[in-house]
Amino acid sequence: MGAGTVDYDSVMNLALERGFYFPSGGPYADAQAGFWEYGPNGVGLKARFVELWRRSLVRRAGMMEIDGSQVMPPSVFEASGHLAGFTDPVVQCTACSATYRADKLLEGDASLHEGSSPSEIDAAVAARGVSCPGCGGALGPSRRFNMMFGLGIGPGAEPAYLRPETCQSIFVDFPRIYKTMRGRLPLGIAQVGKSFRNEIAPRQSLLRLREFYQAEIEVFCNPNRLDDIKAFGEVAGTAIRLHDGSATREVTCERAVETGAIANRTVAYHVGLLAEFYERAGIDMKRTRFRRLSETEKAFYATTALDFEAEVSTGWLELVACNYRADYDLSGHAKRSGEKFEVMDGDEKVLPHVFEMSMGIDRSLYTILEHSLREDAENDRTVLSLRPHMAPVQVGVLSLVKKDGLAERTEEIYRSLREEHSAFLDHSGAIGRRYRRLDEAGAPLAVTVDHQTLEDGTVTLRRRDTMAQERVRVADLAGAIRAEVAFPAA
RNA sequence: GCGAAGUUAGUAUAGCCUGGCAGUACACCAGCUUCCCAAGCUGGGAGCCGCGGGUUCAAAUCCCGCACUUCGCACCA
């Protein structure tokens, strides 16, 4: 099947029909856009994605994982720069009420800078005589639109915010974790959880949400020892696809450092682990790239920035932002809080630098679905070829026919498997229909009980991708499934 | 936020112009059949027709408002 025959709509349809995800607030008309729910199969896929992330990144690189609060006080976001920087100055036309970003309309105006006040922007609008690009009407006064959701805590409605990224608690907690958990540089601290952004125009289901999952990793390192990574050899030969703005070329992590395409081994090591993780997650790596961001695209804190992107039917999609943030975060929190964020690295006292990998989980799951879905025209079926260790349903347990005690025997086998494996019991309808349903949900294996089972204690084990079957003794079944769905390791 | 088009069962849709019992296909459930790949037969469940208001004896249908979706613009740590 050609890649082009699977598009956004067929993934969306699969998601709705097979319980992967659907809009939140179903029956109510005032449900806002940008909020989606995961159904049973979506939860299963997400759980396995996160488990693979823990194995392939957190545990493999000896990181520590925390789980921080989603609500944080204003001071955190003063220190992080979000209160000042996570806002867009907007102006609205008084005639047609179209809204524009003021800094885009005034691009190139030397009197303005990031964080110009509304009055400075109004002055620039007046001085240059800017009017509405749409209808030519007069522009109203500018205001700042902050993308953070504000909250009122307690009866006094004390201000607080839903976090717009998970990582701030990692920075705030870093000194405590480093001390109490006996950390040593370089130290990765990881967190998976929800973040919230008040997007003006959320679109395309999981691709742009107002409430979404992130998996973030902050690697704290000594800026003087960025090439001092013991495990670098593990990924030295790992290929990554680097995109420099015009061309994409595949290089090994080692070569990327030698040629200066990647600044140091700390960055290259983690980028290599990331690439291996996504390969294991079932994304088609030939349709991915690490894109180097230009100066104008970089976030305001980043000194070097790579976006890990995947090609899907709607275009290139950013899955992970990899930023070298230097000491921006720790020095910001040190200054705002008055606490000390320096730590000892051997006999050297350093304020660690941070390399961040900020992963969008929802987008990653969408990409896995799109890259895994195929139409098998020859056998007239739709197949979700998830890697076996990623599948929300690992094994279907079917009776070929219900009578002569086959149903009862099937249920016994189902009960013996379901605690260890995600199993699905099905008696009803034609066997081919049941196989196809399992194919569409991505179940890699199906066990079928037939009359021979009653005679010799064997069942058939069918593989989703090839439709091939073999006979397996019931006693060996759990082991066979375990081997098939095991998580990969280096 | 702007513009356009939409919103009817799990999914895709007909009906709307011209107001009068909400239908079809696939999917789903049960039974029969069937010893391995969406077969067939019989039966069944499923929808406050996006939400709210108005007109009318009567609204999926006409009018108004709102929400959401898609596409384009704009936006996007």
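None of these values were measured; they are calculated from a predicted model. To find a chain, count down the sequence lines: A is the first, B the second, and so on, and within it residues start at 1.
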What dot-bracket string describes RNA chain B from 5' to 3', counting Watson-Crick and G-U wobble pairs whose defining distances are under 3.5 Å, with [ ] for crossing pairs and | for pairs to another strand? (((((((..((((......[..)))).(((((.......))))).....(((((..]....))))))))))))....
Under 4.0 Å, heavy atoms only, any strand: does A/E440 hit a base, just the sugar-phosphate, or nothing? base
Write down the distance separating the C1' atoms in B/G44 and B/A9, rounded off to the nearest Å. 14 Å
Atom-pair distance (CZ on A/R363; P on B/A77), nearest Å: 10 Å
For nucleotides B/C49 and B/A38, find the distance between their P atoms and express it as a whole number of Å. 37 Å
Selected nucleotide, minimal atom distance to A/R436 side chain, candidates B/A38, B/U11, B/C68: B/A38
Mind checking the C1' distance from B/G50 to B/G43? Whole angstroms is fine. 33 Å
Polar side chain donor-acceptor pair, A/S169 to A/Q191, under 3.5 angstrom: yes
Is the gap between the ring centers of A/Y278 and A/F308 under 6.0 Å? yes
Determine whether the side chains of A/E37 and A/S24 contain a donor N or O and an acceptor N or O closer than 3.5 Å. yes
Return the nearest nucleotide to the side chain of A/R203; candidates are B/G72, B/C68, B/C37. B/G72
Does A/Q452 make a side-chain N or O approach to OP1 or OP2 of B/C36 shorter than 4.0 Å? no
How many Å lie between CG on A/L206 and P on B/U70, as a whole number? 12 Å
If we ignore angles and hydrogens, is there a donor and acceptor under 3.5 Å between the side chains of A/T288 and A/R241? no
Distance in angstrom units between A/Y8 OH and B/U70 C1', rounded: 9 Å
Could you walk me through whether A/R381 and A/E375 pass the salt bridge (Lys or Arg N to Asp or Glu O under 4.0 Å) check? CA-CA 6 Å; A/R381 59 177 190 153; A/E375 290 297 332; over 6 Å; no
How close or far is atom C1' of B/U34 from atom OH of A/Y435, stated in whole angstroms? 14 Å
Sole candidate of A/N41, A/L438, A/L373 that passes side-chain contact (heavy atoms from CB on, under 4.5 Å) when paired with A/L384: A/L373
Rounded to whole angstroms, how far apart are CD on A/E199 and C1' on B/A74? 13 Å
Using a cut-off of under 3.5 Å, enumerate the N/O to N/O pairs linking the protein to nucleotides 39-46 of chain B.
residue: B/A39; atom: OP1; partner: A/R433; partner atom: NH2; Å: 2.8

Using the C1' atom as the point on both nucleotides, what is the distance between B/C51 and B/C36, in whole Å? 49 Å
Winner on side-chain proximity to A/R208, out of B/C75, B/C73, B/C37, is B/C75
NA contact type, A/A33, heavy-atom cut-off 4.0 Å: base, sugar-phosphate, or nothing? sugar-phosphate
Distance alone, cut at 3.5 Å: any donor-acceptor contact between the side chains of A/S195 and A/E165? no
Interface residues of residues 402-418 of chain A with RNA chain B (non-hydrogen, below 4.0 angstrom): A/K402, A/K403
In this structure, how many angstroms lie between the P atom of B/A77 and the CD atom of A/Q168, rounded? 16 Å
Quick one: the side chain of A/D439 and the base of B/C37, do they pair up donor-acceptor inside 3.5 Å? no
Check the distance between B/G50's P and A/F22's CZ and give it to me in whole angstrom. 21 Å
Residues A/R463 and A/Q469: side-chain donor-acceptor under 3.5 angstrom: no
Once hydrogens and angles are ignored, does a donor-acceptor distance under 3.5 Å link the base of B/C36 to the side chain of A/R434? no
Classify the ring geometry of A/F355 against A/H270: parallel below 30°, tilted from 30° to 60°, perpendicular beyond 60°. tilted
Could you tell me whether the phosphate oxygens of B/A30, OP1 or OP2, come under 4.0 Å of any side-chain nitrogen or oxygen in A/S428? yes
If you assign each of A/R437 and A/D450 to its closest nucleotide in RNA chain B, which residue comes earlier from the 5' end? A/R437
A/F77 and A/H82 aromatic ring geometry - parallel, tilted or perpendicular at 30°/60° bounds: perpendicular
Looking at B/C37, B/C28, B/C71, which one has an atom nearest to any side-chain atom of A/Q204? B/C71
Could you tell me how far apart A/L16 (CG) and B/C68 (C1') are, to the nearest whole angstrom? 14 Å
In Å, rounded to the nearest 0.5 Å, how long is the span from CG of A/L319 to CD of A/E309? 8.5 Å
Per atom distances to the A/N13 side chain, the nearest of B/U11, B/C28, B/U69 is B/U11
Taking the P atom in each of B/A46 and B/C29, what is the distance between them to the nearest angstrom? 16 Å
Output yes when at least one side-chain N/O atom of A/Q32 is less than 4.0 Å from OP1 or OP2 of B/C68, else no. yes
Are any non-hydrogen side-chain atoms of A/I361 and A/K46 less than 4.5 angstrom apart? yes
Determine the interatomic distance between C1' on B/U11 and the same-named atom on B/C28; round to the nearest Å. 11 Å
Using atom C1' of each nucleotide, how far apart are B/C48 and B/U8 to the nearest Å? 12 Å
Between atom CD of A/E318 and atom CG of A/L293, what is the distance when rounded to the nearest 0.5 Å? 7.5 Å
Distance, C1' atom - from B/A12 to B/G31, rounded to whole angstrom: 28 Å
Quiz question: by atom type and distance under 3.5 Å, do the side chains of A/D362 and A/Y38 form a donor-acceptor pair? yes
